[in-house]
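The analysis underlying the following values was restricted to heavy atoms, covering all of them including side chains, and did not include hydrogens, waters or symmetry mates. Numbered from 1 within each chain, the chains take letters A, B, ... in sequence-line order.
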Amino acid sequence: MVAAGWFIFAAMGKKVRVRFAPSPTGGLHLGGVRTVLFNYLFAKKNKGTFIVRIEDTDQRRFVPGAEAYLFDCLRWCGLEPDESVQHGGSFGPYRQSERKTLYRQYADQLIEKGLAYYAFDTPEELEKMRTLLATPSNPSPQYDRQVRMQLRNSLSLSADETDRLLKAGTPYVIRIKMPEQETLGFTDLIRGEVRFDTATLDDKVLLKADGMPTYHLAVVVDDHHMQITHAFRGEEWLPSAPVHILLWQSLFGIENMPRWAHLPLILGPEGKLSKRDGAKYGFPVFAMNWTDPASGETTEGFKEKGFLPEAFLNLLALLGWNDGSEKEIFTLTELIDSFSIERIHSAGAHFDYEKAKWFNHEWIKRSPANRLLPYFQEQFATLSDVGYSEEKLTRIIELVKERCQLLTDLKEQAGFFFVDPLSIDTAAIAAKWSTEKRSFFEGLIAYYQGETPEEAAQQEQAFKEKAAAFQLKPGELLLPLRIMLVGGKFGPGVFDITTVLGPATTARRIAHALTLLP
RNA sequence: GGCCCGUUCGUCUAAGGGCUAGGACACCACCCUUUCACGGUGGUGAUACGGGUUCGAAUCCCGUACGGGCUACCA
């Protein structure tokens, strides 16, 4: 049935074209990346085109660097657009601010058709109207059919007066004239039939006083011009769908409207997940670190927190979608293979950071050492003078990766391979310390100062024999040795550690620890 | 307030009329391991409520409750 749906689109000969349309005003949110992912998966699955269009029609919200940052995030995720400001394409410009003149003509067309009108009300007048009309039972009055005739617009004013105001250069906006009573509906790819009654809707601004379109006009015009076939957007857009339906009807024909899919929201502990939630509960919300150029404040990203992009995409995909099986770990290719819109859940999903870390942990465990090597070298960049060979680094990675949920855990899990432990948990050793044990370890130092075999198994054998000679159980010596070498109760097998460290370092660390013990 | 969307373990979810309601994260216990982690076994834990429809409802319909979103010359 699913396949049949796609087959119909294919049969229609319409090449799938989808778009991600962010407004470059700051960090790229988790939910934003998921929207990108679903766009991308759908496009790739259908051999379609994935477009990124910059929705920068609000000049007051322009944030320097936000656009470049956005593309950096996509690059890190491995979700490269086919067409965009950075990737080119024949449907540009891909920045709405550069398409300004295009929108104007459609706004004019709408006025001619009677679906829109000029409104001269100043922001102050609107403010006044809202406070004046606000009542407990109607806390947010709308600019709608109820009040539009009492405000200053080309509907309430005479044609002459309107002309006069226009010629005088009076600032104005163009608003949609919401029909009196009409039922508007469409079939959402995720939630099915959705209906609205225009009587309850307001006259949204389509063209702002500065000549820029609002989202409503721009999205319709651009989706048409860029021949978008399927539009994925957050559920928060559902209430404005009727505005867009009206514009499609009037401008380009409802039959040409893209198929819409309103994605469920990603929720934090208190509603729609926000940057604040991240700060409050200690998890990242943005894909990559974002520094607000105005305040200088940096918000941590998943990348810097230590997430593998593969894991990031994987966990995002499984937030509101699954393939129907119990499979949870997916590569991008596998996601493309098994993705389908109808398996997207319609309910909002709470983001669970614990599960997010589990995904990352799984990916780290499954990643071959050479995949992890660059991150490893990054973590230990300042300690590179230790001069380990790549082979040895690979060995270390294999020893510690299952202990790392985040890439940043590498530092504490493997740090002791590079530098002597800063502190040693001598208390844990001292509890069961004895002069016999001291003698044993003195002997062990001598062993490591001599001709030590490189094999872990041989070292362990020697260790046990020596313990027997001292009439000590290997068990009660192993933990102290570990602590002497790494500082605490953690890390890979003891003799895996000694073989990586080498006899000299091993002997030195034991000797140093002995100076701290009675 | 109005409009729209939603509601299965704490969280992500499976089960699209017939079940002991399955899995994963987290949590707990045990095993493995003389560290930590990995791994293994088991456990606690859910169909919001009320009506229908039906031989039979988590599944279909209605209502209620609850949650979320929107209600800007922001997207």
Determine yes or no for a side-chain-to-main-chain donor-acceptor pair under 3.5 angstrom, with A/R191 supplying the side chain and A/A347 the backbone.
no
Hey, what do you get for CZ (A/F441) to CD1 (A/I429), rounding to the nearest 0.5 Å?
7.0 Å
[N] phosphate, OP1 or OP2, under 4.0 Å from [X] side-chain N/O:
X	N	result
A/K272	B/rC70	yes
A/K365	B/rG39	yes
A/K208	B/rA75	yes

4.5 Å side-chain heavy-atom contact, A/V285 and A/H29:
yes
N-O pairing of A/D352 and A/K355 below 4.0 Å
no
Can you tell whether the side chains of A/D210 and A/K100 come within less than 4.0 Å, N to carboxylate O?
no
Please confirm whether any donor atom in the side chain of A/R191 sits under 3.5 Å from an acceptor in the base of B/rC5, or the reverse.
no
Do A/F186 and A/W248 make the cut of ring centroids closer than 6.0 angstrom?
no
Please classify the nucleic acid contact of A/G234 as base, sugar-phosphate, or nothing, using heavy-atom distances under 4.0 Å.
nothing
Enumerate the protein-to-nucleotides 8-11 of chain B contacts in which both atoms are nitrogen or oxygen and the separation is below 3.5 Å.
none

